[in-house]
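The chains referred to below are lettered A, B, ... by the order of the sequence lines, with proteins before strands, and numbering in each begins at 1.
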Amino acid sequence: MQEPELHDLSDDSDYAASQLQQQQELKSMSRTDSGKKGGDNEPDGAEIVFVKDNVTIHPTQFASERISGRLRLIKHGALLFMTWIPYKEKTDCTAQSSSSNTKLSERDRNLYTIRAVPVTDIRSIRRHTPTFGWQYLIIVLSSGLAFPPLYFYNGGVREFLATLKQHVFLVRSADDANVFLVNDFQDPLQRSLSSLELPRAVSISNSSSTPTLASSAAQNDNSERTDDGSSSISQYGGRHGQKVHDPARDLSIQVLEKFSLVTKFARETTTHLLREIQNDGFLANDTKKQSQPLTNDNHETGLDDAQTVPNEISVTPDPLENTLCRKENHFKEAATRVGTFELVDSKEFDKLTLVWGQPRQPPLGSEEWATFLDAEGRILDSKSLRKRIFYGGLEHQIRNEVWKFLLGYHEYDSTYAEREYLASVKKADYETLKSQWQSISPAQARRFTKFRERKGLIEKDVVRTDRSASFYDGDDNPNVTLLRNILLTYSFYNFDLGYCQGMSDLLSPILFVMKDESESFWCFVSLMERLGPNFNRDQNGMHSQLFALSKLVELLDSPLHNYFRQNDCLNYFFCFRWVLIQFKREFDYEKMMRLWEVLWTHYLSEHFHLYVCVAILKKHRAKIMGEQMDFDTLLKFINELSGHIDLDVTLRDAEALCVCAGENGAACIPPGTPASLPIETELLYPLQDENDV
Amino acid sequence: MATMGNNNLNAKLVLLGDMGAGKSSLVLRFVKGQFLEFQESTIGAAFFSQTLAVNDATVKFEIWDTAGQERYHSLAPMYYRGAAAAIIVYDITSTESFTRAKKWVQELQKQGNPNMVMAFAGNKADLEEKRKVTTEEARLYAEENGLFFMETSAKTASNVNDIFYEIARRLPRAQPQNPAGMVLVDRPADRSQSAACCS
């Protein structure tokens, strides 16, 4: 008797719930013995057992290029097939399956359409439940290839899995609670074997002896409750003790996502090659199995002794795995014809990121800069420019020109003449603003406490801002006076926000680069458009960034995240200084300016600074966790990293992390989080505290 | 909270006060013996530790140095929660900083640990010619509020170690002092040096 419930996903309460629901909804549910192949004889026609609309793929980062379609499970005879057909129009939710297209190119359509893949060809399904955004599934074939993530805009992930489970053998991976292994073995031994080895290719015969359903699966189009992936992970981790959620596995899936965008051509080639190799005969038994005793640690799921695996059972290893490194009991490798790559455990992850981020390039110099400008001074291809700066930064002598674009003070498509005109207008504007406080007489100031206090704050801070830099050192340095004037003018320009400690740190490098008072002011204004919320009285700008940071660490290094959680460090206040002033205090002046211009490109993300945080934390994860740092020690440690962070390595690591995190990473960051431009509200900086100046 | 093991006491200490009063300078003078004329502002908070020998015991101070601006006030409870001691710092050349220091005292009296040892430090005592807050005024306020008071100068190091030493002396002991003959655990000569500087 082949009884899937023996290997139930009973640790998944959602699953159990949906199962119950379905059992109630379905009048009858007849199961057949595994011996009776195709006991439920359908007529010739196919039966649709599951259908879900608005299942969408995101081929690129751009929302406009998303492709929605209809996902179906179709039972044909004893075989179950999965199809996903894009709609004719990607925004048309009600369209039927496609045969022609209006908007999508034929090539795209062919590329992404999933035409009747036998479910037996699916190796595993990974469920993702981002905190923000839609649940999605990544379906990995036994060839090692994966389809693009399928986003369930209308919910239905649970129903999909539940339906699948009624037709094929589906078991939750012992290594990862969000991974479901799909296979269809008659032989329970083979089945239990395959359940041990998640991402590996197991030869899957086309035999089909699934319990079948007389009626079609319930169509539950109610929007699905978004279940909390993280809690199921922690629940799981608690049960399995040492088997903590593995970041490298997350990564492996994300890499699969990246590579799932291979062209259909590549996909077909791979499949073809795979077939050829498999036809060459089975490779030798994998001795690895011997070192993998059946982990019978999940009693509830009923893995019992009867299923202990004899070594003789022949399993064809994935032929593309031969160059991959293996870790005991862990398979973090994925291979495609596009490239064989290794996914290693978190200890080795640091090395991986080091080779992964692109090498840094030399800084952009004036000659090359000129090539980005047309005859009238317009920047023709701002994206290329930003990319170039992202990977190399700027030579110092062109910073004063290029920073104005990066900061948004100048438009990329403005001409020399327009910029010159703008500068003169803005200079006059600045003088007007400045005269507002300059015209306050001592008698007026005596009656203007807020002004006096604000001026006092600024004067206290400018005299201790970067005074060791030659530009600001010495007594009566005129540049210190400029800092004061600009900050005081800004506190009138943005009176609601006022002056806050940290602003002088943000202004100092800008004045150093621009030299000019008015231009420094306007560049600072542009920067504060994005970073102003860092200084909000209610700290919400900082809170949203530190929250996003915690979600990113959870995504990219869940053991570290768990460590922080266990040690009450989840508020990430130890990163407060990093985020508030964009690492200003963590690097020497030149390196800090390099980092800033890289961040300001917003090339990979507007929130690249958060990935920089993750990169630095990951670099020191072994020390942090090894020395069992508590919050105090951690804060001390982080503060003392200042001056000891390798910028180039950090940038490469951060780039790799950002690329790997992809949309999952972006989904960790709530809209409006600095350094995104704030979502407009009537009062940009609501006043809360009358005592505050 | 002060915790005690044998004769070794760990004590969390927080520095509060207006921006520019000299909180970081006091800590750096105490912990590292350094003084910078233009000590940069503290962003968020900084953490230091330093051990003092007092009589036959040692006190390890875990010191939280906080950002002074009112804007960051909302973060302060995170730092003074559970503190065994606090130094409220003002600048003797600034009446505003004295006013603000008094507000901190009020807040700690309301929110803080009732057994907290509170020190009131009038810093920048070397700037006598610019003095705005008289010693008497501050002393009176301190006495009325059960604080102990010192005027300090991080620049000249005047009274800096003394104020920490006095706090260490006043920290409540969980148990009576052991009689003579108690051997201090793993505290060789370097610790007695720090005791010497505070005598």
Between [atom1] of [X] and [atom2] of [Y], what distance do you get to the nearest 0.5 Å?
X: Gln501(A); Y: Met19(B); atom1: CD; atom2: CE; answer: 4.0 Å
X: Glu62(B); Y: Thr633(A); atom1: CD; atom2: OG1; answer: 8.0 Å
X: Phe574(A); Y: Phe47(B); atom1: CZ; atom2: CZ; answer: 14.5 Å

For the pair [X] (side chain) and [Y] (backbone), establish whether a donor and an acceptor sit closer than 3.5 Å, ignoring hydrogens and angles.
X: Gln69(B); Y: Tyr499(A); value: yes
X: Arg71(B); Y: Phe535(A); value: yes
X: Tyr72(B); Y: Cys500(A); value: no

Which bit of [X] is near chain B, if near means a heavy-atom gap under 4.5 Å: side chain, backbone, both or neither?
X: Asn639(A); result: side chain
X: Arg467(A); result: side chain
X: Gln539(A); result: side chain
X: Ile581(A); result: side chain

* **Choice from Asp632(A), Asp461(A), Asp466(A), Thr465(A) maximising heavy atom contacts with chain B below 4.5 Å** => Asp632(A)
* **Contact leader toward chain A among Ser94(B), Ser74(B), Ala45(B), Gly68(B), where contacts are heavy-atom pairs under 4.5 Å** =>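 Highest number of pairs under 4.5 Å: Ala45(B).
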* Asked: Looking at Phe38(B), does the NZ or CZ of Arg464(A) lie under 6.0 angstrom from its six-membered ring centre and within 45 degrees of the ring axis?
  ->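 Pair Arg464(A)/Phe38(B) does not count as cation-pi.
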* Does Lys102(B) NZ have over 12 foreign heavy atoms under 6.0 Å away? ->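 Counting neighbours around NZ of Lys102(B), more than 12 heavy atoms of other residues, nucleotides or ligands fall under 6.0 Å, so yes.
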* Are more than 12 heavy atoms from other residues, nucleotides or ligands located less than 6.0 Å from atom OH of Tyr472(A)? -> yes
Per-residue contact mode, [X] against chain A (heavy atom under 4.5 angstrom):
X: Leu75(B); value: side chain
X: Ser49(B); value: both
X: Gln39(B); value: backbone

* Angle class for the Trp64(B)/Phe631(A) ring planes (parallel below 30°, perpendicular above 60°, tilted otherwise)? ->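 Parallel.
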* To do: Look at Asp91(B) together with Lys460(A) and state whether they make a salt bridge at an N to O cut-off of under 4.0 Å.
  =>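 Looking at Lys460(A) together with Asp91(B), the answer is no, because their closest N to O distance does not fall below 4.0 Å.
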* Pairing of Glu40(B) and Arg585(A) as salt bridge, 4.0 angstrom limit ->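 Here Glu40(B) pairs with Arg585(A) in a salt bridge, since their nearest N and O are under 4.0 Å apart.
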* Please tell me if the side chains of Met78(B) and Asn571(A) come closer than 4.5 Å, counting only heavy atoms from C-beta onward. => yes
